[in-house]
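Here you go, one structure.
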Amino acid sequence: MSFPLLTATAAVPAVGAILTAAVPAARRTAAKWLALTVSLATLVLAGLVFARFEPGGDRYQLVESHSWIRDFGVRYELGVDGIGVALIALTALLIPFIVLAGWHDADPLETRSKRWRPTQGFFALILMVEAMVILSFEATDVFLFYILFEAMLIPMYFLIGGFGDRAHSGTDENAAAQRSYAAVKFLLYNLVGGLIMLAAVIGLYVVAGNFSLTEIAEARANGSLEMASSTEKWLFLGFFFAFAVKAPLWPLHTWLPNAMGEATAPVAVLITAVVDKVGTFAMLRFCLGLFPEASKWATPAIVVLALISIVYGALVAVGQRDIKRLVAYASISHFGFIILGIFAMTSQGQSGATLYMVNHGISTAALMLVAGFLISRRGSRLIADYGGVQKVAPVLAGTFLIGGLATLSLPGLAPFVSEFLVLVGTFARYPVAGIVATTGIVLAALYVLVLYQRTMTGPVKEEVRSMPDLRPRELAVVAPLIALLLFLGVFPKPLTDVVNPAVRHTMSDVQRTDPQPEVPVQTVEAAK
């Protein structure tokens with residue numbers, strides 16, 4: 001039997017989480033280095049997955065399949081397509097930077113409430129989330145995916161509620177209440193979505209008789225599985241609702257600003273750049289793969305919701321006074337672009353959506369982590385508390401600007417390619433939707449440039465006059481992310497080569513082809 005590479009890629013961070021949690025309390029630094037080492041080892045394994053994947057080969061590769069719960073037809077079944085490979089690489093890439101950025105975020109802190117922050121638990125929870133997210137990108141058994149989809153909520157709940165942002169303007173008791181509120185809201189929203197999805201998973205088993213994504217797809221292709229139109233629509237809605245909460249899609253988005261605002265900056269990156277990608281990935285793999293006709297039926301409504309997310313998220317971001325909540329609403333707008341690209345049902349749109357998942361993860365990590373470094377120096381998340389930072393910390397201001405320009409999809413930086421493909425794919429089938437979506441670009445330029453102007457330029461405020469510039473550890477976090485934004489902005493081919501074949505399979509699932517451009521045919525006489 002060949003080496004189970006996919007299992008190993010998820011097992012290493014899972015075992016690492018257990019070992020990190022078991023480190024004695026007095027050896028916090030050892031726990032940090034162990035977590036960083038494990039995350040780097042996982043990155044190496046993810047690199048092997050990327051290297052061994054053959055874009056022109058089978059749809060699902062590196063397949064592993066073992067019986068799990070035989071009586072219910074549940075299998076431990078893994079396999080990756082190009083979309084899954086790209087997102088596994090993104091996850092494994094970001095976790096080491098998240099660990100480094102949060103190096104001191106969970107150090108012991110005694111407050112008036114005598115509350116301590118267990119360092120080992122913080123890093124163990126991050127590694128456990130990584131393991132579950134990677135395995136969810138690999139799972140081709142619907143029940144296995146559902147277990148992972150729900151289980152990752154538990155460590156995220158403790159990361160949000162137990163390790164909140166220290167930059168809080170209220171009392172310790174008020175800060176703890178805000179963290180608890182954000183954590184509970186995150187959990188309840190996602191649990192409700194998960195419970196609705198569970199009903200749909202059970203319904204799928206009743207109709208199909210198994211949970212294997214590949215077997216169900218084969219049965220539909222050869223006509224041995226017939227699903228009534230109404231049944232397919234209800235099952236689709238059950239799955240889509242859960243994924244829309246996770247994504248997050250308007251109007252199911254309201255948990256995200258609270259969660260990102262109250263969490264530490266590295267955990268905020270973990271939420272929006274890693275965990276939320278499971279929702280949009282699942283729309284491609286499960287909604288379109290299992291319910292193609294229902295996906296086409298629901299497309300007009302979903303396109304409208306995606307457009308609302310784009311415009312609403314950007315408009316609300318413009319009016320934010322809190323830096324982290326501004327980035328959260330910007331992410332809501334960006335997820336609207338991703339979902340719009342998925343349901344435009346064109347190869348350019350879906351390729352752009354997949355690239356957007358990767359590029360949004362990198363750009364948001366760069367912007368939010370630099371913002372976290374800025375906030376930790378000043379002790380405030382409010383934009384009005386800053387001014388003139390570029391004069392006292394030019395490297396911090398410069399990296400903040402590049403992260404912001406990537407967020408507004410400046411040409412030459414990675415998100416531009418993905419946003420351009422999404423808009424081209426949308427224009428090809430829904431020109432009006434494409435026009436509306438472009439307003440998100442204008443608004444993004446507004447909220448990013450206004451944020452930079454108010455925090456980094458102008459007179460130096462007395463409170464930031466002694467602010468230090470980025471330290472070596474912080475530069476080690478930010479510099480590689482900026483280098484990636486530049487590299488993928490001018491040379492996205494390594495990703496597109498992997499993603500495009502998977503997109504063609506998805507387009508085949510829904511039996512869609514790209515619209516042909518309307519080119520007037522000139523006759524010889526007209527040419528003369």
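Keep in mind that the numbers below use all heavy atoms, side chains included, and drop hydrogens, waters and symmetry copies.
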Problem set entry | Partner set under ring-ring contact (aromatic ring centres under 6.0 Å, His included) for F236, not counting sequence neighbours |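 So F236 forms a ring-ring contact (aromatic ring centres under 6.0 Å, His included) with F240.
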Problem set entry | Distance-only donor-acceptor check, side chains S67 and R75, under 3.5 Å |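 Result is no, nothing qualifies.
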Exercise. What do the steps show when you test D81 against R285 for side-chain contact (heavy atoms from CB on, under 4.5 Å), and what is the final call?
Worked result: CA-CA 9 Å; D81 59 2; R285 174 167 283 190; 3.3 Å; yes
For this session: Measure the spacing between CD1 of I362 and CG of L485 and express it to the nearest 0.5 Å.
Result: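 Answer for the CD1-CG pair, I362 versus L485, is 6.0 Å.
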Problem set entry | Residues which pass side chain to side chain donor-acceptor pair (under 3.5 Å) with N359, listed by chain and number, not counting sequence neighbours |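 N359 satisfies side chain to side chain donor-acceptor pair (under 3.5 Å) with S418 only.
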Problem set entry | Heavy-atom pair with the smallest gap, counting every atom of L369 and A101 |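 Here L369 and A101 meet closest at CD2-CB, 3.7 Å.
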Problem set entry | ring-ring contact (aromatic ring centres under 6.0 Å, His included) involving F149 - partner list, sequence neighbours excluded |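 If we apply the ring-ring contact (aromatic ring centres under 6.0 Å, His included) test to F149, skipping adjacent residues, the hits are F145, F243.
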Exercise. Going from CD1 on I402 to CG on L410, what distance comes out if it is rounded to the nearest 0.5 angstrom?
Worked result: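 Those atoms lie 10.5 Å apart.
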Exercise. Roughly how far apart are L481 CG and L94 CG, rounded to 0.5 Å?
Worked result: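 Going from CG on L481 over to CG on L94, the span is 6.5 Å.
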Exercise. Okay, side chain of K233, backbone of A228: is any donor-acceptor separation there less than 3.5 Å?
Worked result: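 No.
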Problem set entry | Heavy-atom pair with the smallest gap, counting every atom of M132 and P155 |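 Closest approach of M132 to P155: SD-CG, 4.4 Å.
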For this session: Just grab all the ring-ring contact (aromatic ring centres under 6.0 Å, His included) pairs involving residues 211-231, residues at least two apart or on different chains.
Result: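 Residue pairs with at least one partner in residues 211-231: F143-F211, Y205-F211.
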Problem set entry | Considering all heavy atoms, the nearest L148-S136 contact |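 Smallest heavy-atom distance, with atoms named: CD1-N, 3.6 Å.
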Problem set entry | Residue pair L188 / V184, side-chain heavy-atom distance below 4.5 Å |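 Contact flag for L188/V184 side chains = yes.
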Exercise. Mind checking what makes ring-ring contact (aromatic ring centres under 6.0 Å, His included) contact with F487, not counting sequence neighbours?
Worked result: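 Per chain and number, F487 pairs via ring-ring contact (aromatic ring centres under 6.0 Å, His included) with F491.
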Exercise. Considering residues at least two apart in sequence or located in another chain, which fulfil the side chain to side chain contact (heavy atoms under 4.5 Å, CB included) criterion with D509?
Worked result: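 By the side chain to side chain contact (heavy atoms under 4.5 Å, CB included) rule, D509 matches R59.
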Exercise. E232 side chain to A294 main-chain N or O, any donor-acceptor pair under 3.5 Å?
Worked result: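 Present.
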For this session: For the residue pair F241 and L252, establish whether any side-chain heavy-atom pair is separated by less than 4.5 Å.
Result: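 Yes, side chains in contact.
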Exercise. Applying salt bridge (Lys or Arg N to Asp or Glu O under 4.0 Å), which residue pairs with at least one partner in residues 287-315 are found, sequence neighbours left out?
Worked result: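 Counting only pairs at least two positions apart or across chains, the salt bridge (Lys or Arg N to Asp or Glu O under 4.0 Å) contacts touching residues 287-315 are E293-K296.
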Acceptor/donor pairs from residues 437-448 side chains to any protein atom, 3.5 angstrom cut, sequence neighbours excluded:
from: T438; atom 1: OG1; to: I435; atom 2: O; distance (Å): 2.4
from: T439; atom 1: OG1; to: V436; atom 2: O; distance (Å): 2.5

For this session: Go through the side-chain N and O atoms of S351 and N500 and say whether any donor and acceptor fall under 3.5 Å apart.
Result: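 S351 vs N500: donor-acceptor pair found between side chains.
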Exercise. When rounded to the nearest 0.5 angstrom, what distance separates OG1 in T140 from CG in L6?
Worked result: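 Nearest 0.5 Å value for the OG1-CG distance: 9.5 Å.
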Exercise. Okay, side chain of D141, backbone of L144: is any donor-acceptor separation there less than 3.5 Å?
Worked result: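 Pair found, side chain donor or acceptor close to backbone of L144.
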Problem set entry | Y189 versus T254, side-chain donor and acceptor atoms under 3.5 Å |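 Yes, side-chain donor-acceptor contact under 3.5 Å.
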Problem set entry | Nearest-0.5 Å distance that lies between atom CD in E150 and atom CG in N190 |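 CG of N190 is found 8.0 Å from CD of E150.
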Exercise. If only atom types and distance count, is the side chain of E64 paired as donor or acceptor with the main-chain N or O of Y76 below 3.5 Å?
Worked result: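 No: the side chain of E64 does not pair with the backbone of Y76.
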Exercise. Does OH belonging to Y60 count more than 12 external heavy atoms closer than 6.0 Å?
Worked result: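 Enclosed.
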Exercise. Shortest non-hydrogen contact from G434 to L423?
Worked result: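 Taking every non-hydrogen atom into account, O-CD2, 4.0 Å.
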Problem set entry | Closest approach of G489 to V417 (non-hydrogen atoms, all atoms of both residues) |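 Scanning both residues, the minimum pair turns out to be O-CG2, 3.8 Å.
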For this session: Kindly indicate whether the side chain of E262, heavy atoms from C-beta on, has any atom under 4.5 Å from the side chain of N258.
Result: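 Not touching, per the 4.5 Å side-chain cut-off.
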Exercise. Which heavy atom of A242 sits nearest a heavy atom of G193, and at what distance?
Worked result: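 Minimum heavy-atom contact is CB-O, 3.1 Å.
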For this session: Check for a donor-acceptor pair, side chain of S333 on one end and backbone N or O of I310 on the other, with a separation under 3.5 Å.
Result: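 At least one qualifying donor-acceptor pair exists.
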Exercise. Mind checking whether I95 and L270 have side chains closer than 4.5 Å, heavy atoms only?
Worked result: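 In contact.
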For this session: Flag the pair V80 / F53 as yes when at least one side-chain heavy-atom distance between them is below 4.5 Å, and no otherwise.
Result: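 A side-chain contact under 4.5 Å exists here.
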For this session: Look at the side chain of S295 and the backbone N and O of C287, then say whether any donor-acceptor pair between them is shorter than 3.5 Å.
Result: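 Indeed, once roles are kept as given, a pair shorter than 3.5 Å links the two residues.
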Exercise. Do the non-hydrogen side-chain atoms of M368 and M260 ever get within less than 4.5 Å of each other?
Worked result: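 Yes, close enough: below the 4.5 Å cut-off.
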For this session: Would you please test M345 and Q350 for side-chain contact (heavy atoms from CB on, under 4.5 Å) and show each step?
Result: CA-CA 7 Å; M345 300 289 186; Q350 292 187 357; 4.2 Å; yes
Problem set entry | Non-hydrogen side-chain atoms of L90 and M357 separated by less than 4.5 Å |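 Of all side-chain heavy-atom pairs linking M357 with L90, none is under 4.5 Å.
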For this session: Return the orientation label for the F137 and F281 ring planes: parallel under 30°, perpendicular over 60°, tilted otherwise.
Result: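 Taking F281 first and then F137, their aromatic rings stand perpendicular (interplane angle over 60°).
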Exercise. Any chance the side chains of E419 and Y356 put a donor and an acceptor closer than 3.5 Å?
Worked result: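 Side chains of E419 and Y356: pair found under 3.5 Å.
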Problem set entry | Side-chain (S508) to main-chain (R504) donor-acceptor, under 3.5 angstrom |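 Checking the backbone N and O of R504 against the side chain of S508, no donor-acceptor pair under 3.5 Å is found.
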For this session: Could you check E130 against T91 for side chain to side chain donor-acceptor pair (under 3.5 Å), going step by step and ending with a plain yes or no?
Result: CA-CA 7 Å; E130 178 183 24; T91 303; over 6 Å; no
Exercise. Is there side-chain contact between I216 and L204, with at least one heavy-atom pair below 4.5 Å?
Worked result: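 A side-chain contact under 4.5 Å exists here.
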Problem set entry | Stepwise side-chain contact (heavy atoms from CB on, under 4.5 Å) test for T7 and E138 | CA-CA 9 Å; T7 295; E138 299 171 346; over 6 Å; no
Problem set entry | Ring centroid separation F186 to W255 under 6.0 Å |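 Yes; W255 has its ring centre under 6.0 Å from that of F186.
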Problem set entry | Gap between atom OH of Y430 and atom OG1 of T346 - 0.5 Å precision |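 The OH atom of Y430 is 9.5 Å from OG1 of T346, to the nearest 0.5 Å.
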Problem set entry | Steps toward side-chain contact (heavy atoms from CB on, under 4.5 Å) verdict (S309, H334) | CA-CA 8 Å; S309 287; H334 295 150; over 6 Å; no
Between side-chain atoms of residues 335-344 and protein atoms elsewhere (two or more places apart, or another chain), which donor-acceptor pairs fall under 3.5 Å?
none

Exercise. Does anything in residues 481-493 pair up under salt bridge (Lys or Arg N to Asp or Glu O under 4.0 Å), and if so which pairs, sequence neighbours excluded?
Worked result: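 Qualifying pairs, neighbours excluded: K493-D497.
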Problem set entry | Partners passing side chain to side chain contact (heavy atoms under 4.5 Å, CB included) against L486 (at least two apart in sequence or in another chain) |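 L413, I482.
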Donor-acceptor pairs under 3.5 Å, side chain of residues 273-280 to any protein atom, not counting sequence neighbours: which ones?
from: K277; atom 1: NZ; to: T272; atom 2: O; distance (Å): 2.8
from: K277; atom 1: NZ; to: H360; atom 2: ND1; distance (Å): 2.9
from: T280; atom 1: OG1; to: K277; atom 2: O; distance (Å): 3.2

For this session: Mark yes or no for whether T407, through its side chain, and G403, through its backbone, hold a donor-acceptor pair below 3.5 Å.
Result: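 Yes, because the side chain of T407 sits within donor-acceptor range (under 3.5 Å) of the backbone of G403.
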